[in-house]
Amino acid sequence: MFAPGQEQISKEEIKAGEIEASQTIQMAIAGGFLLYLSPFAVEFVRKFL
């Protein structure tokens with residue numbers, strides 16, 4: 001795309017890349033949310049025990 005002589009990417013490869021990127025973003029958001037909640041979970045377990 002940006003380099004001369006570079007191969008064209010098929011539509012299937014583009015779609016697969018979009019799906020992988022979407023899953024990566026979703027996992028990053030979920031991981032961030034779990035890290036945000038982790039201090040509260042630790043405190044809950046500490047009080048529970």
Side-chain angles (χ1 to χ4, degrees):
M1 179 176 195
F2 296 105
Q6 186 177 7
E7 297 178 16
Q8 292 286 39
I9 300 174
S10 69
K11 292 185 185 217
E12 292 82 17
E13 291 174 327
I14 292 173
K15 187 66 176 170
E18 289 174 351
I19 291 170
E20 184 179 353
S22 175
Q23 290 174 344
T24 301
I25 291 170
Q26 290 174 356
M27 290 300 293
I29 290 171
F33 184 70
L34 289 174
L35 284 173
Y36 171 75
L37 291 179
S38 64
F40 303 111
V42 169
E43 188 63 31
F44 175 76
V45 170
R46 197 175 285 162
K47 287 181 181 179
F48 185 72
L49 296 176

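Contacts of I14 classified as side-chain contact (heavy atoms from CB on, under 4.5 Å), with partners at least two apart in sequence or in another chain: I9, E18. Under the ring-ring contact (aromatic ring centres under 6.0 Å, His included) criterion, F33 pairs with no residue, sequence neighbours left out. The salt bridge (Lys or Arg N to Asp or Glu O under 4.0 Å) check on E43 picks up R46, with sequence neighbours excluded.
The backbone N or O of I19 lies less than 3.5 Å from no partner atom in the side chain of S22, so there is not a single donor-acceptor pair. For Q23 (side chain) and E20 (main-chain N/O), no donor-acceptor pair under 3.5 Å exists by modelled atom type.
In this structure, Y36 and F40 have perpendicular ring planes: the angle between them is above 60°, well past the 30° mark.
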